[in-house]
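We name chains A, B, ... by the order of the sequence lines, and we start the count at 1 in each one.
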2 protein chains.
Amino acid sequence: MLSSSSKYAVNAVLYLAVHSNDKNKIRAKEIAEAIKLPSPFLSKLLQSLSRENIISSSKGPTGGFYLTKQALNTPLIEVVNIIDGTSRLEDCVLGLKKCSSEQPCPVHYSVQPLKQKFRKELQENISVFAEKVKNGEAYLFV
Amino acid sequence: MLSSSSKYAVNAVLYLAVHSNDKNKIRAKEIAEAIKLPSPFLSKLLQSLSRENIISSSKGPTGGFYLTKQALNTPLIEVVNIIDGTSRLEDCVLGLKKCSSEQPCPVHYSVQPLKQKFRKELQENISVFAEKVKNGEAYLFV
DNA sequence: TAAATTTGGGACTTAATTGTCTTAATTTTT
DNA sequence: AAAAATTAAGACAATTAAGTCCCAAATTTA
Ligand code: FES
Ligand code: FES
């Protein structure tokens, strides 16, 4: 449902949400080891997110990636949108040019409401999902 | 959410459900033209479905692909399962080895029920979706 | 029986995604 | 000022998905 890249990106962002802040930056390599991922590839994803100001970064020794307090209030879906674009979650499931009730495909009324709810659930802020990890309700990279 | 291949396959199967029967077989080329798809590629998809007995086929002139009456009672999701496998709709959205409530990822409780409903909706028989096309409630390949 | 038509199967090509590597720019420490 | 550590950027390689092609097998028609 999501590309591998955006799965990695979401995991990494939630890892940052749990472990980092502006006083405690985390190197790409550390995250990559934690979530068992090739570090150069993760770096590229983090750079994309940083370029779009979803996460923050700083160079040099003691540098790394981190989330500011206000960044925690970003809807999680924005991470997906930057890596995958929006079409994956919005396009017609059967490939029609446009997903609409004017010209619905045969499965439209069965699945369109679910697609919409899916996007809505991912509109929750990063902090909401990070909180679940912090208090042991949910797990990353297992 | 589905691969391009299984989108094509579902479209083609529903086209057959609407237009074919054991007395009226349809050539791959005709379907490919109707749903605007490269015919050799569609042929391979139809052959996979035929091998798994989701659809029927016969060779030679007057040959082609078709759906028997009982084939109309196949759950639509089987088409997807044959082309994509089941994992795409069952695996953890964030890429955990296993999607489960014992070891849930941070978005599990938000999206797992939706994934399940999605699969359930596609359990409806092929005939149910074909009927919508026949009576003008839904459209193929637009 | 021969020719024509269609599916079946597999090798091959192309395109997209995923992953790696090299070098530059920035910052900190010494 | 120099060295070390880190992100930034982009070229390159490998893998997977998508699409093409060729020829064999089966069936119908003449
Ligand atoms: S038209 Fe196909 S999902 Fe909406
Ligand atoms: S564990 Fe991630 S969706 Fe169920």
Are side-chain N/O atoms of B/T86 and B/N81 paired as donor and acceptor at under 3.5 Å? no
query = Are the side chains of B/L89 and B/I77 in touch, meaning some heavy atoms are under 4.5 Å apart?
reply = yes
Between CG of B/D84 and P of D/dT16 the distance, given in whole Å, is 16 Å
Residues B/S6 and B/D84: side-chain donor-acceptor under 3.5 angstrom: yes
The bend of the helix from C/dT1-D/dA30 to C/dT30-D/dA1, taken between the axes of its five terminal pairs at each end and rounded to 10°, is 0°
side-chain N/O B/S4 vs D/dA17 OP1/OP2, d < 4.0 Å:
no
Flag, side chain of B/R27 to backbone of B/G63, donor-acceptor distance under 3.5 Å: no
Indicate, with a heavy-atom threshold strictly under 4.0 Å, whether A/S5 touches base, sugar-phosphate, or nothing.
sugar-phosphate
- Message: With a 4.0 Å limit, can you tell me whether B/Y8 has a side-chain N or O closer than that to the phosphate oxygens OP1/OP2 of D/dG19?
- Response: yes
5'-most contact on DNA chain C (nearest-nucleotide basis), B/F65 vs A/R88, goes to B/F65
note: B/R27, atom CZ; C/dT7, atom P; distance rounded to Å ~ 8 Å
query: Are any side-chain N or O atoms of B/N21 and backbone N or O atoms of B/K23, one a donor and one an acceptor, separated by less than 3.5 Å?
result: yes
*Look at the side chain of A/S43 and the backbone N and O of A/S39, then say whether any donor-acceptor pair between them is shorter than 3.5 Å.*
yes
Would you say B/S43 places a side-chain N or O within less than 4.0 Å of OP1 or OP2 belonging to C/dG8? no
To the nearest angstrom, the NZ-C1' distance between B/K25 and C/dT7 comes to 12 Å
Between CG of A/L45 and P of C/dT17 the distance, given in whole Å, is 14 Å
Quick one, B/F41 and B/S5 - any side-chain contact, counting heavy atoms below 4.5 Å? yes
### Query
So, the side chain of A/S20 versus the backbone of A/A17: is there a donor-acceptor pair under 3.5 Å, distance only?
no
Detail all sub-3.5 Å separations between protein N/O atoms and N/O atoms belonging to nucleotides 9-11 of chain D.
{"from": "D/dA9", "atom 1": "OP2", "to": "A/R51", "atom 2": "NE", "distance (Å)": "3.2"}
{"from": "D/dA9", "atom 1": "N7", "to": "A/Q47", "atom 2": "OE1", "distance (Å)": "3.4"}

When rounded to whole Å, the CD to C1' distance for the pair A/E30 and D/dT7 reads 15 Å
Atom CG of A/L37 and atom C1' of C/dT17 are separated, to the nearest Å, by 14 Å
Give me the distances for all protein-to-nucleotides 24-28 of chain C N/O pairs that come in under 3.5 Å?
{"from": "C/dT26", "atom 1": "O4'", "to": "A/K59", "atom 2": "NZ", "distance (Å)": "3.4"}

Check the phosphate of C/dT7 against B/S50, side-chain N and O only, distance under 4.0 Å to OP1 or OP2. Yes or no?
no
By nearest-heavy-atom nucleotide on DNA chain D, the more 5' of A/L46 and B/F41 is A/L46
